[in-house]
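As structure tokens, the structure follows; a few thoughts come after it.
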2 protein chains.
Amino acid sequence: MAGTIREFRIGELSKRTGVNIETIRYYEKIGVMPNPPRTPAGYRGYREIHLNRLRFIRRCRQLGFSMNEIHALLTLVDANRYSCSEVQALTLRHAEMVSNKIRDLKQLENGLRGIASQCTGEQVPDCPIIDTLLEPGK
Amino acid sequence: MAGTIREFRIGELSKRTGVNIETIRYYEKIGVMPNPPRTPAGYRGYREIHLNRLRFIRRCRQLGFSMNEIHALLTLVDANRYSCSEVQALTLRHAEMVSNKIRDLKQLENGLRGIASQCTGEQVPDCPIIDTLLEPGK
DNA sequence: ATAAAGCCTGTAGCTACTACAGGGTCAAGT
DNA sequence: ACTTGACCCTGTAGTAGCTACAGGCTTTAT
């Protein structure tokens with residue numbers, strides 16, 4: 001019983017991870033997922049190890065890591081010579097980028113609400129938003 | 001003197017707006033910038049009107065509007081039958097999207113800092129971040 | 001006269017996928 | 001045995017919003 005390793009197809013991998021089939025094949029092409037063994041008919045045969053790896057990737061994506069960053073993480077993991085501090089550094093660097101983006105978006109939102117608040121909201125063809133956007137000056 | 005309309009080339013338009021040359025031609029191709037008149041040699045000839053329009057577009061982009069949204073705004077402006085309330089609605093709709101994005105990114109940042117805080121930061125090859133990412137469960 | 005700077009078109013590349021087209025394979029039902 | 005439908009395969013093209021050439025013409029300055 002122990003030792004019985006069940007293989008499954010890409011469709012099952014897709015359903016169990018929530019990553020869609022084309023995306024899995026794409027991950028294989030760009031090298032973040034390994035080339036799995038094939039059946040005689042050419043079907044990909046996956047195992048638990050692939051499931052874990054794909055979940056790892058999916059979680060990283062949900063955390064907003066780029067494929068490059070994920071690649072870096074996986075390289076560390078694959079080499080089995082990653083150190084906690086390296087991974088932490090990568091993570092915090094990414095968190096910095098995220099908080100910068102938040103800051104930018106907040107400014108942007110303020111800008112938008114600011115110009116929108118100047119509108120009367122009436123049905124007149126003369127709008128402070130448009131006027132603002134058309135103003136000269138770089 | 002008044003009435004002397006100076007034409008200028010794409011390079012000058014680019015410098016005065018901060019939008020680069022290829023992007024200007026791209027905007028022309030997708031129809032947000034008009035086809036300008038050409039010199040006999042085929043050079044594009046721009047005037048103040050183009051400058052204003054391009055600045056409008058650039059500002060919209062800085063405010064995070066998609067090209068589709070900009071297209072919609074410009075169509076309203078071009079038809080000269082826009083109403084302030086339409087423009088305001090479009091702007092507020094966009095502001096909503098921005099604040100949603102901010103909310104998502106904040107969650108994301110919390111997630112990242114949360115897992116990073118579990119690290120010792122030491123040079124050991126065993127990392128709670130990696131462990132977390134490798135955990136089973138969809 | 002020539003060299004440099006500027007312009008032209010058109011195509012390919014970037015991210016991270018998604019959506020086909022056109023085909024092969026497999027298991028179940030008749 | 002045969003057919004149907006679900007599944008899988010490869011490869012290409014599309015998405016957004018640009019950017020970066022390649023290869024060639026024009027204009028300007030020396």
Side-chain angles (χ1 to χ4, degrees), chain A residues 6-47 50 53-74 94 97-98 101 104 108, chain B residues 6-33 35-47 50 53-54 56-74 94 97-98 101 104 108:
Chain A
R6 198 174 64 86
E7 250 191 12
F8 45 85
R9 303 273 152 272
I10 199 168
E12 184 176 338
L13 183 62
S14 170
K15 267 175 199 131
R16 288 172 71 187
T17 55
V19 176
N20 95 30
I21 293 179
E22 280 97 340
T23 304
I24 296 170
R25 290 196 281 244
Y26 168 73
Y27 285 165
E28 186 180 318
K29 199 165 80 183
I30 65 172
V32 294
M33 284 294 285
N35 295 58
R38 302 291 186 115
T39 67
Y43 287 17
R44 289 167 177 85
Y46 292 105
R47 303 198 174 173
H50 299 103
R53 193 186 182 85
L54 189 50
R55 279 184 182 136
F56 181 100
I57 296 169
R58 202 195 44 130
R59 278 180 197 145
C60 288
R61 289 295 299 142
Q62 286 172 344
L63 290 170
F65 285 98
S66 70
M67 292 314 293
N68 267 353
E69 291 171 315
I70 294 173
H71 209 84
L73 277 171
L74 285 171
H94 179 60
M97 283 169 41
V98 172
K101 183 130 202 180
D104 292 350
L108 204 154
Chain B
R6 199 174 63 88
E7 251 191 11
F8 45 87
R9 303 275 152 269
I10 199 168
E12 184 176 338
L13 183 62
S14 170
K15 269 175 200 133
R16 287 173 70 187
T17 56
V19 175
N20 93 30
I21 293 179
E22 280 96 339
T23 304
I24 296 170
R25 291 196 280 244
Y26 168 73
Y27 285 165
E28 185 180 319
K29 198 164 81 182
I30 65 171
V32 294
M33 284 293 286
N35 295 58
R38 303 289 186 117
T39 66
Y43 285 19
R44 290 168 177 84
Y46 292 105
R47 305 201 172 170
H50 300 102
R53 194 186 182 86
L54 188 52
F56 182 99
I57 296 168
R58 200 195 47 130
R59 279 181 196 145
C60 288
R61 290 295 299 142
Q62 286 172 343
L63 289 171
F65 284 99
S66 69
M67 293 312 294
N68 267 353
E69 291 172 316
I70 293 172
H71 208 85
L73 277 171
L74 285 171
H94 179 60
M97 284 169 41
V98 172
K101 184 129 202 178
D104 293 349
L108 206 153

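Nothing here was measured: the structure is a model prediction, and the numbers come from that model. Below, read A as the first sequence line, B as the second, and so on, with proteins coming before strands; counting in each chain starts at 1.
- Boundaries of the chain B contact region on DNA chain D are D:dG17 to D:dT27, first to last in 5' to 3' order (nucleotide atom under 4.0 Å from a heavy atom).
- Judged by the 6.0 Å and 45° rule, A:Arg44 forms no cation-pi pair with A:Phe8.
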Evaluate the criterion side chain to side chain contact (heavy atoms under 4.5 Å, CB included) for residue pair B:Tyr46 and B:Leu54; output intermediate values, then yes/no.
CA-CA 11 Å; B:Tyr46 292 105; B:Leu54 188 52; over 6 Å; no
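- Protein atom CD of B:Glu12 is 18 Å distant from nucleotide atom P of C:dA5, rounded to whole Å.
- Classification of B:Glu12 and B:Arg6 as a salt-bridged pair holds, one side-chain N sitting under 4.0 Å from a carboxylate O.
- Relative to the side chain of A:Arg61, the nucleotides C:dC17, C:dC26, C:dG6 differ in distance, and C:dC17 lies closest.
- Taking the ring centre of B:Phe65 as origin, the terminal cationic atom of B:Arg59 falls outside the region bounded by 6.0 Å and 45° from the ring axis.
- Rounded to whole Å, the distance from CE on A:Met33 to C1' on C:dA16 is 16 Å.
- Electrostatic pairing of B:Glu28 and B:Arg38 counts as a salt bridge here, judged by a charged N lying under 4.0 Å from a carboxylate O.
- For DNA chain D, the neighbouring residues in residues 35-42 of chain B, judged by any heavy atom under 4.0 Å, are B:Ala41.
- Within the 4.0 Å cut-off from OP1 or OP2 of C:dA16, not a single side-chain nitrogen or oxygen of A:Arg58 is found.
- Comparing B:Tyr26 and B:Glu22 by the nucleotide of DNA chain D whose heavy atom lies nearest to each, the residue mapping closer to the 5' end is B:Tyr26.
- End-to-end axis angle of the helix from C:dA1-D:dT30 to C:dT30-D:dA1, from C1' rotation axes over five pairs per end: 30° (rounded to 10 degrees).
- Remark: C1' of C:dA16 and CD1 of A:Ile24 are 15 Å apart, rounded to the nearest angstrom.
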